[in-house]
Amino acid sequence: MFDDLQAASDRGTASVAEWKAIVATYQQPSTPRAVWQLVNTFGLYLLLWVLMYFSLRVSFWLTFPLAVLAGGILVRIFIIFHDCGHGSFLKSRRVNDIIGFVAGMFTFTPYYHWRWEHSLHHATSGDLDRRGTGDVWTLTVEEYLKSSGWTRFAYRLSRNPVILFMIAPAFLFIVRERFPSPRANAREKHSVWWMNLAILGMVCGLIALFGWKAYLFIQLTISMVGGAAGVWMFYVQHQFDGVYWERGEEWDYTTAALHGSSFYKLPKILQWFSGNIGFHHIHHLSPRIPNYNLERCHNAHQLFREVPPVTLLASFRSVTFHLWDEESRKLISFRQLKRRRKSEAERQAA
């Protein structure tokens, strides 16, 4: 196998069979790495809650930065939750499900229901004909222009950074995740109610320990920071310059993975907090690769290394991408569309 990998690396290309052979090496969970990640993530998160408890005796201003840091750790907890949902974190499915449920309590996300929705995201990512589940609302230019005034207003509002990265995450994790999708089956629906019950017990216990005012202050800070960072990561992973979108029959899984999901090249400290999920092109190529193996897989083959990175600085451009233009095959802004329509009107009037 390694001779085949070397030959593919020398060519800089890989067939489906070759890249499957490459990723298979990194799909094997590592118990030591997984356990260490549990210790340095959940351990640190619980330690921060202890520190916040004692910091309240001094000042809320001391508690606040600890809560912000805990919000960053919450993103890492969500990645462990995410890996458990894919069955990639550990070899045992049962242990994955247990850890996933516990992580779901901390992130306010029902494990089985989210796993079902997320599987639909992986099956349809980059397919224009199958949008709408587990993704960011994205319209094409033609769809936007044909929409009613109310739909345009709602769409523009949903693309406002304050709404998208501050209000929407809070609504998503605190409110929306409390209710199952009508399309979910019985197991997924029941998982929502069981998670709601578990969260209620956790919240009541923490209120009894911290008091309701202190708890709300801490939890809302953590949820706002973690939610905003998590939604930002997800947004940049699928809304970037050069992203791939195609219609049904033209859609290709490998291309959608490598070019419809970004390689978000973050500074090492942010890579740690985000659980290596910046290597999202690798994750979409093979969701069975645990987060602690994503970078290793990326470095294993030239095909992966040649995926253009999205740097932290460059990623801020993503907030200006609003619509998919099927003619130019790229994301454009509302302003670009306005200029284009103005130029077309002037040409027609001349």
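Listed here is the closest heavy atom pair of N276 and N291: ND2-O, 3.2 Å. Closest of all the heavy-atom pairs between P29 and F89 is CB-O, 3.7 Å.
The aromatic rings of F217 and F64 sit tilted, their planes meeting at an angle between 30° and 60°. Ring pair H284/H122 is parallel by interplanar angle, where below 30° counts as parallel and above 60° as perpendicular. Between H283 and H86, the ring planes are perpendicular. Angles over 60° get that label, and only those under 30° would be called parallel. Classified by interplanar angle (parallel below 30°, tilted 30° to 60°, perpendicular above 60°), the ring pair Y45/W49 is perpendicular. Between H281 and F263, the ring planes are tilted. Angles from 30° to 60° get that label. Classified by interplanar angle (parallel below 30°, tilted 30° to 60°, perpendicular above 60°), the ring pair Y144/Y155 is tilted.
For R76 and W272, the positive end sits near the middle of the six-membered ring, less than 6.0 Å away and at most 45° from its axis. Both the sub-6.0 Å distance and the 45° axial angle are satisfied by R187 relative to the ring of Y112. F334 does not carry R159 over the face of its six-membered ring by the limits of under 6.0 Å from the centre and within 45° of the normal. Figure legend: R131 and W137 shown without cation-pi pairing, the cationic atom not lying both under 6.0 angstrom from the six-membered ring centre and within 45 degrees of its axis.
Looking at E295 and I282, their side chains never come closer than 4.5 Å, going by heavy atoms from C-beta outward.
Aromatic rings of F234 and H238 (six-membered ring for Trp) have centroids within the 6.0 Å cut-off, being under it.
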Report the C-alpha separation of T320 and S333 in whole Å, then their side-chain angles, then the decisive distance to 0.1 Å, and conclude whether the side-chain hydrogen bond (donor to acceptor under 3.5 Å, both in side chains) test is met.
CA-CA 5 Å; T320 67; S333 66; 6.0 Å; no

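A 6.0 Å sphere centred on CE of M105 holds more than 12 heavy atoms belonging to other residues, nucleotides or ligands.
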